[in-house]
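Heads up: the structure comes next, in structure tokens.
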There are 2 protein chains.
Amino acid sequence: MTQTETGSRTRRRPTTHALDAQTQILEAADTLFYREGARAVGVDAVVKLAGLNKMSLYRQFESKDALLLHYLERRAQRFWGYFEASVARHPGQPREQLLQFFRDLATRATHPSYRGCPFVNIAAEFPDPTHPARLAVATNKTQLMERLRALAREADSPAPERLASGLALLIEGTYAASQTYPPGHPVVMAAVDTARTLLDALAPGTA
Amino acid sequence: MTQTETGSRTRRRPTTHALDAQTQILEAADTLFYREGARAVGVDAVVKLAGLNKMSLYRQFESKDALLLHYLERRAQRFWGYFEASVARHPGQPREQLLQFFRDLATRATHPSYRGCPFVNIAAEFPDPTHPARLAVATNKTQLMERLRALAREADSPAPERLASGLALLIEGTYAASQTYPPGHPVVMAAVDTARTLLDALAPGTA
DNA sequence: GATCCTATGTACCGAGCGGTAACATGTCAA
DNA sequence: TTGACATGTTACCGCTCGGTACATAGGATC
């Protein structure tokens with residue numbers, strides 16, 4: 001899909017320009033889709049920011065929807081990068097790992113350029129739940145839930161399912177509140193305290 | 001804005017048709033804006049569902065944005081109708097009032113046609129935080145926060161601010177999770193349990 | 001230096017967007 | 001009956017959308 005096909009005889013040139021173009025387009029799409037909304041941004045705006053031309057986009061991606069799926073894939077990788085970076089700061093301490101993630105999330109979510117969870121925004125912009133982009137959203141959230149469940153078990157919670165669900169709801173709430181409440185509203189930062197309260201109640205063993 | 005102006009001399013006719021048209025348009029817009037997204041739906045689709053034509057819309061509303069604000073006003077009233085209906089079922093019992101709201105919210109949020117919080121969806125679709133629709137969103141959420149704070153105080157919470165923030169995050173999380181997690185995922189229903197856990201921790205006085 | 005192949009760019013497509021001018025119709029008051 | 005005005009309808013405006021046909025440019029090969 002994303003690579004140009006060649007004939008059988010001639011050796012293929014490395015198409016270095018094409019690879020550059022692909023990354024340029026992906027980065028431009030990442031910026032614009034997140035900042036302005038994937039549906040609101042046209043392909044013209046993407047190629048303009050990438051310094052390219054529309055045909056250069058459609059030679060790398062078969063449609064805007066295909067580009068959208070690549071955007072979500074990049075965002076998923078970035079999210080897990082954030083998540084595991086928080087976890088890595090407290091090896092073997094699942095409670096602190098979770099709290100660290102909430103602290104880092106709250107920090108990101110209070111940044112002026114923060115526009116909420118890219119997956120949530122996609123779900124809001126695409127009503128059809130069978131749209132491929134919506135499937136990518138559901139996959140990401142299911143994986144997040146599994147990760148939270150694993151950490152809840154590591155924290156020796158007597159109710160890991162309830163703890164994981166509660167934390168998942170707090171995460172989604174933080175995303176949403178960062179966009180719906182007035183800028184700088186303390187409810188976003190309150191997610192850390194609430195997560196601690198939940199951990200105190202549902203994982204009392206670990207200090 | 002929504003009413004036609006008349007001259008000074010002649011008595012104004014009741015414009016019964018116009019009032020009908022206005023309600024038809026508002027109901028069509030309510031259905032479509034919520035189901036498909038306000039930005040994704042064109043005015044043509046609205047007037048078509050209303051059984052009218054485009055000029056009938058633009059004589060009642062000066063622009064699509066004006067219609068959008070009316071839509072949000074209707075949704076705000078509906079939301080407070082839901083909220084106070086839950087509260088009214090347990091007079092004088094703030095803890096039960098809050099839990100009832102979470103139960104009712106979870107019920108609504110698991111309905112197949114549920115599309116999340118209309119205000120959150122508007123925030124996702126309109127990136128500019130100074131857009132009038134975004135101001136309406138922020139107003140609604142600020143009012144919700146105040147209402148939660150009042151109930152937290154009524155419940156004699158030693159930390160009403162923290163309790164209200166936590167509940168607000170859970171509410172937003174329920175909205176979002178209903179759309180981002182796969183249909184029927186139990187995380188949505190888990191909001192009730194999590195709210196109870198929060199209340200146990202931050203409003204232990206009331207039974 | 002001519003040839004060929006491919007990556008790139010220009011210009012365009014039909015469709016839909018929000019919004020409006022102009023005109024036809026209907027209905028009430030004088 | 002007639003005039004005045006709110007309403008209904010049609011056609012259209014300029015613009016942007018996602019997507020594409022086709023001409024051009026550039027670099028390796030012979």
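Just so it is clear: chains get the letters A, B, ... in the order the sequence lines come, proteins before strands, and each one is counted from 1.
Ring geometry for B/Tyr114 versus B/Tyr34: interplanar angle over 60°, hence perpendicular rather than tilted (30 to 60°).
Annotation: of the two residues near DNA chain D, A/Asn53 and A/Ala45, the 5′-most nearest-nucleotide partner is A/Ala45.
Side chains of A/Asp193 and A/Arg196 form a contact here, defined as non-hydrogen atoms less than 4.5 Å apart. The side-chain heavy atoms of B/Phe126 and B/Val137, taken from C-beta on, include no pair separated by under 4.5 Å.
Straight-line distance from the CG atom of B/Leu57 to the C1' atom of D/dA6: 17 Å, rounded to whole Å. Atom P of nucleotide C/dT10 and atom CG of A/Leu52 are separated by 12 Å, given to the nearest angstrom. Between the CD atom of B/Gln60 and the P atom of D/dT7 there is a distance of 7 Å, rounded to whole Å. For the pair B/Phe61 CZ and C/dT20 C1', the computed distance is 18 Å after rounding to whole Å. Counting to the nearest Å, the C1' atom of C/dT10 and the NZ atom of A/Lys48 are 17 Å from each other. Straight-line distance from the CZ atom of B/Phe33 to the C1' atom of C/dG18: 11 Å, rounded to whole Å. Distance CD (A/Glu36) to P (D/dC17): 12 Å, rounded to an integer number of Å. Taking atom CZ of B/Arg59 as the reference point, atom P of C/dT20 lies 12 Å away to the nearest angstrom.
Residue B/Lys54 has its side chain nearest to C/dT20 when only C/dT20, D/dT7, C/dC12 are considered. Closest approach to the A/Met55 side chain among D/dT9, D/dA21, C/dG19 is made by D/dA21 (side chain taken as heavy atoms from C-beta onward). With distances taken from any side-chain atom of A/Tyr58 to the nucleotides D/dG18, D/dG8, C/dG19, the minimum falls on D/dG18. The side chain of B/Asp44 has C/dC17 as its nearest neighbour among D/dT9, D/dT20, C/dC17.
Between the side chains of A/Arg74 and A/Gln77, no donor N or O sits under 3.5 Å from an acceptor N or O.
Close to C/dA7, at under 4.0 Å from its OP1 or OP2, lies no side-chain N or O of A/Ser56.
If you check distances only, the side chain of B/Lys64 never reaches the base of C/dG19 with a donor-acceptor pair under 3.5 Å.
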